[in-house]
Structures are given as structure tokens and as C-alpha cells.
Amino acid sequence: MSLPGSRRLKLWLAPVKGVIGHEDVSFILGNPDDQSPYIGRNATEVDEMWNQLYGPTLFHANRGELLDMVPAFAAHPGPDDDKYIFGIYVFHQIHCINLLRKKINPAMYPPDPRNPLLSVDHLNHCIEQLRQSVMCANDVTPLSWHWDMTPDDATLFATLPHRCRKFDRVQTWAFNDVRLRRFDFKNEDYGG
């Protein structure tokens with residue numbers, strides 16, 4: 001279903017209108033010389049950092065509350081007809097990155113064939129969602145390289161700032177808006 005551009009933008013921004021701000025951010029390279037607290041060898045500490053980013057990725061609201069936030073065609077009720085389950089894309093994206101992070105670190109996160117989140121099908125879903133999100137964001141910040149004559153090689157020099165939405169504002173809104181109640185399939189009667 002296609003909506004006119006201005007209506008689509010209005011619907012998309014409705015939940016966080018007045019919340020989103022922007023800031024300039026220089027990215028961390030994530031290599032051994034420029035470490036991020038979201039990668040490392042201590043699984044407990046790194047997992048805690050990731051858990052603070054997104055926690056549960058699903059929320060629920062009743063129909064009236066949800067229709068204040070999303071267009072009617074996007075609202076789908078659960079079995080009780082008044083509990084609408086939904087997510088916020090940024091948290092789903094972080095969830096996907098976190099799963100991929102765990103998958104490439106089998107020494108810290110041994111494979112568990114009983115975990116459907118780490119199945120090839122689910123990880124392919126994550127890769128596809130992330131690909132589309134990256135292409136949608138279409139970050140055109142220049143990515144410069146520093147030529148190093150000694151090893152006859154170039155080194156990534158990614159210090160130019162990116163114009164970013166303020167994640168902490170969206171996170172605070174999502175975790176504190178009274179209309180958004182965290183939803184957990186394991187603790188609900190939805191067969192999950």
C-alpha cells in the first residue's frame with residue numbers, strides 16, 4: 001500500500017514527534033587500537049552493554065493507543081483482539097546485529113541448535129533487514145583512508161562526523177512512553 005509522501009512522513013514521525021534530535025558523531029573503528037565497549041572478550045560485560053541498548057524488542061498496546069502511533073493498515077491484533085504487538089525498527093536492527101555478533105564468536109557463545117534466533121533462516125532475515133536499513137539510511141559521509149608508505153598499505157581513517165539521530169532520545173521515549181508496554185512471547189499466551 002502506498003501513501004502520499006507527506007502523509008507517509010507524518011505517520012512515520014508521529015510516535016516520536018518532538019523527541020528526535022540530531023547530533024554529529026565520529027564513529028569508532030572497532031579495531032584493536034580503537035575498541036568499542038560493545039565488542040570484547042568478556043561476554044558478561046559486553047552482553048550487559050548490548051542489553052542496555054535494547055532490552056525487549058517487542059511492545060504491546062491496545063487498538064486506540066496503537067492507532068495514535070501507526071496507521072490502521074499496519075495494526076494487527078493478537079488472539080484477544082485488543083492486544084496489538086509491534087516493534088520499533090531501531091531495536092530490531094540492534095537485536096539482529098547482536099545475534100550476528102554472537103554467531104561469529106562461537107568460543108564465547110557456543111552454538112545451540114535449539115535456539116531458533118541463531119538459525120540460518122533467522123540470521124538471513126537479519127542480514128536482509130540490515131541491508132535494507134543501511135540502504136534506506138544511505139549515509140554519504142566521506143570515508144577516508146590514510147596512505148601508509150611503510151607497509152605499502154592504506155588504513156581506514158573514519159573520523160569524519162556522521163549526522164545522526166539521537167539514539168538515547170528514542171530509547172528513552174520507547175522505554176518510558178506509557179502507551180508502550182514491553183511484550184515477551186515467553187510470558188504471554190501466544191505460543192512463543
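- The cluster map of Ile, Leu, Val, Met, Phe, Trp and Tyr, joined by side-chain heavy atoms under 4.5 Å apart, puts Leu143 and Val25 in different clusters.
- Considering all non-hydrogen atoms of both residues, Leu99 and Leu117 come closest at CD1-O, 3.6 Å.
- By the side chain to side chain donor-acceptor pair (under 3.5 Å) test, Thr141 is found to be paired with Asp139, His162, residues two or more places apart in sequence or in another chain being considered.
- Placement of Leu130 and Leu53 within a single hydrophobic cluster is found when ILVMFWY residues are connected by side-chain heavy-atom separations under 4.5 Å, directly or transitively.
- Atom-to-atom distance recorded for Thr44:OG1 and Met108:CE is 8.5 Å, nearest 0.5 angstrom.
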Next on the checklist: Is there a side chain to side chain contact (heavy atoms under 4.5 Å, CB included) between Asn98 and His95? Walk through the geometry before answering.
Outcome noted: CA-CA 5 Å; Asn98 193 25; His95 152 84; 5.8 Å; no

Item to check | Audit row: Asn115, Tyr109, side chain to side chain contact (heavy atoms under 4.5 Å, CB included) steps and yes/no | outcome: CA-CA 12 Å; Asn115 185 350; Tyr109 306 96; over 6 Å; no

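- Using bins of under 30°, 30° to 60° and over 60° for the plane-to-plane angle, the ring pair Tyr89/His92 lands in the perpendicular bin.
- Side-chain contact between Trp50 and Arg101: present, with at least one pair of heavy atoms (C-beta onward) separated by less than 4.5 Å.
- Taking CG of Leu160 as the start and CG of Asp24 as the end, the distance is 11.0 Å to the nearest 0.5 Å.
- Put simply, CG on Asn105 and NZ on Lys103 are 11.5 Å apart, with the number rounded to the nearest 0.5 Å.
- Gly30 approaches Ile39 most closely through the heavy-atom pair O-CD1, 3.3 Å.
- With rounding to the nearest 0.5 angstrom, the CZ atom of Arg165 is 12.5 Å from the CD atom of Glu23.
- Grouping the Ile, Leu, Val, Met, Phe, Trp and Tyr side chains by contacts below 4.5 angstrom, directly or via other members, places Leu100 apart from Ile28.
- In this structure, CD on Glu45 lies 13.5 Å from OH on Tyr38, to the nearest 0.5 angstrom.
- Annotation: side chain of Asp112 is not in contact with side chain of Leu118 (no heavy-atom distance under 4.5 Å).
- Put simply, the side chain of Gln171 does not reach to within 4.5 Å of the side chain of Val90, judged on heavy atoms.
- Atoms CG and NE2, on Asp121 and His125 in that order, are 11.0 Å from each other to the nearest 0.5 Å.
- Two different hydrophobic clusters hold Phe27 and Ile94 under the rule that ILVMFWY side chains link at heavy-atom gaps under 4.5 Å.
- Annotation for Arg131: atom CZ counts as buried by contact number, over 12 foreign heavy atoms lying within 6.0 Å.
- There is a path of hydrophobic side-chain contacts, each under 4.5 Å, that joins Phe167 to Trp173.
- Looking only at distances, a side-chain donor or acceptor of Gln132 sits under 3.5 Å from a matching main-chain atom of Glu128.
- Put simply, the side chain of Lys166 does not reach to within 4.5 Å of the side chain of Ile20, judged on heavy atoms.
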